[in-house]
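Indexing begins at 1, ligand by ligand and atom by atom, following the structure's order. As the structure is a computational prediction, the values presented were derived from the model and not from experiment.
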Amino acid sequence: MDLNQSQREASELFEAQSHIYRHVFNYATSMSLKCALELGIPDAIHNHGKPITIQDLVLKLNLPNEKTIHLQRLMRLLIHSKFFSITRIDGQNGEGENEGYVLTAASKLLLKNTSENSQNIPNLFSFAYFNLDPVVMTPWQFLGKWFHESEATIFETVNQIPMWEFANKNPKFNGMFNDAMTSDSRMMSLAASDYHEIFAGVHSIVDVGGGTGLYAKILLEAFPHITCTVLDLPHVVADLTETKNLKYVGGDMFRSIPSADVILFKTVLHNWGDDAVLKILKQCRETIRCRGEGGLSKGKVIIIDMVVDVKHDQNEITETKMVFDVMMMFFLTGKERTKDEWEKLFLEAGFSEYKITNNLGLRSLIEVFP
Ligand SMILES: C[S@@+](CC[C@H](N)C(=O)[O-])C[C@H]1O[C@@H](n2cnc3c(N)ncnc32)[C@H](O)[C@@H]1O
Ligand SMILES: O=c1cc(-c2ccc(O)cc2)oc2c(O)c(O)ccc12
């Protein structure tokens with residue numbers, strides 16, 4: 001059927017309305033996901049060991065029977081958002097056909113961190129839980145206000161002090177943030193064994209801003225001959241257990257970075273603006289130069305962070321990288337960088353070459369050479 005001009009305009013506006021509603025209510029999907037995590041739905045489905053009917057799910061979650069229909073509707077949204085899937089179950093004892101919920105790749109990553117599911121098995125429960133907590137979500141309400149104010153970040157507009165200081169003063173926030181970052185680091189175990197070439201000839205690593213050391217442990221498991229020093233702020237590394245080849249140093253990367261064959265920054269440099277990153281990279285360049293003069297291997301810097309690539313990345317990946325970019329800007333004065341933006345910093349800091357490996361999903365591994 002041919003549409004006339006006014007029908008075409010109306011259709012375009014209805015589409016625009018739908019687009020607006022989808023984005024205005026994006027938070028409803030996030031909050032429904034949070035609800036599923038609070039209720040323990042992924043674990044209940046996982047522990048059932050086979051597709052679970054809505055009736056059994058209500059029982060497992062200890063919910064009142066009258067909430068069955070509400071749970072079913074929550075599940076319908078989360079199935080549509082690819083967090084769960086539904087499959088047919090052949091009825092037993094002549095009960096006829098039924099349907100059961102199963103996990104998807106996304107909900108398998110959201111199982112709670114039980115002892116059965118610990119260490120290096122990827123798990124993003126703590127990451128999701130932290131980012132859906134009111135402490136993290138509330139400041140987003142004040143973006144407009146922040147644009148009129150003089151604080152460097154929205155975190156300061158809302159909490160009066162920068163985030164790292166806040167973490168130092170609030171053990172609960174510090175614990176939740178570190179757990180979230182550790183949970184994000186677990187994903188790295190999926191690619192560690194691909195890095196034989198990258199870590200060939202490497203005997204020592206300093207993981208700068210390495211948090212509680214999970215990524216260091218993943219690397220040491222894959223390359224046991226290496227020794228690793230994790231440098232982080234004193235309140236982050238206090239009371240952590242060292243091993244023969246894993247040491248912790250409490251300090252400030254802007255003051256001093258211990259020397260090593262590899263100076264590693266995993267999701268650290270995107271927390272900072274260009275001036276701060278340049279300062280850190282120049283310091284790394286100097287450390288590497290001095291090692292060369294001392295007859296040691298010159299070494300390299302390894303950065304694990306996002307590289308924004310609108311031309312080649314899928315739309316969903318680009319959107320996520322841009323969300324991280326504004327999150328880094330509003331909360332930490334940081335940014336997600338394009339290849340050209342990274343290159344400019346490397347050259348300005350005195351490095352001559354770099355190589356990007358893309359096998360970490362949203363993140364890339366960048367080797368930077370003197
Ligand atoms: C986003 S987290 C990344 C942690 C870890 N690399 C990971 O990927 O899980 C950034 C880390 O930088 C640390 N950090 C912030 N300022 C620092 C400083 N001045 N010196 C050393 N570490 C710092 C934080 O405490 C935090 O652990
Ligand atoms: O996923 C995150 C979240 C944060 C974050 C968001 C809001 C806050 O009030 C504090 C922290 O920070 C992150 C971060 O620094 C990082 O390097 C990776 C991920 C996240």
Please report which non-hydrogen protein atom sits nearest to [atom], along with the residue it belongs to and the distance in Å to one decimal place.
atom                    : result
atom 8 (C) of ligand 2  : Phe331 CD2, 3.4 Å
atom 12 (O) of ligand 2 : Phe177 CE1, 3.6 Å
atom 10 (C) of ligand 2 : Met163 SD, 3.2 Å
atom 5 (C) of ligand 2  : Phe130 CE2, 3.8 Å
atom 16 (C) of ligand 2 : His270 NE2, 3.3 Å
atom 2 (C) of ligand 2  : Met327 CE, 3.3 Å
atom 20 (C) of ligand 2 : Met181 CE, 3.5 Å
atom 15 (O) of ligand 2 : Asn271 ND2, 3.1 Å

Ring centers of [X], [Y] separated by less than 6.0 Å:
X      : Y      : answer
Phe127 : Phe177 : no
Tyr101 : Phe84  : no
Tyr354 : Phe369 : no
Trp342 : Phe351 : no

Ligand 2 atoms in contact with [X] (distance to a heavy atom under 4.0 Å):
X      : result
Leu332 : 15 (O)
Phe127 : 1 (O)
Phe324 : 19 (C)
Phe155 : 9 (O)
Thr267 : 17 (O)

At a heavy-atom distance under 4.0 Å, which protein residues reach ligand 1? Sort them by chain and number, would you?
-> Trp164, Phe177, Met181, Ser185, Gly209, Gly210, Gly211, Asp232, Leu233, Val236, Gly251, Asp252, Met253, Phe254, Lys266, Thr267, Val268, Asn271, Trp272
Tyr27 vs Phe25 aromatic rings, parallel, tilted or perpendicular, using cut-offs 30° and 60°?
-> tilted
Aromatic rings Trp164 and Trp272: how do their planes relate, parallel, tilted or perpendicular, breaks at 30° and 60°?
-> parallel
When you look at Asp325 and Arg337, which way does the salt bridge (charged side-chain N to carboxylate O under 4.0 Å, His left out) test go after all the steps?
-> CA-CA 8 Å; Asp325 180 54; Arg337 297 175 166 89; over 6 Å; no
Considering residues, nucleotides and ligands other than [X], do more than 12 of their heavy atoms fall under 6.0 Å from its [atom1]?
X      : atom1 : result
His80  : NE2   : no
His19  : NE2   : no
Glu319 : CD    : no

Would you sort out whether Lys300 and Glu367 count as a salt bridge (charged side-chain N to carboxylate O under 4.0 Å, His left out), showing the intermediate values?
-> CA-CA 7 Å; Lys300 60 185 171 186; Glu367 292 165 272; 2.8 Å; yes
Applying side chain to side chain donor-acceptor pair (under 3.5 Å), run through Thr153 and Glu156 and close with a yes or a no.
-> CA-CA 5 Å; Thr153 64; Glu156 287 151 89; 2.4 Å; yes
With heavy atoms under 4.0 Å as the rule, classify the contact between Asn131 and ligand 2 as side chain, backbone, both or neither.
-> side chain
Donor on one side chain, acceptor on other, Asn359 and Tyr195, under 3.5 Å | yes
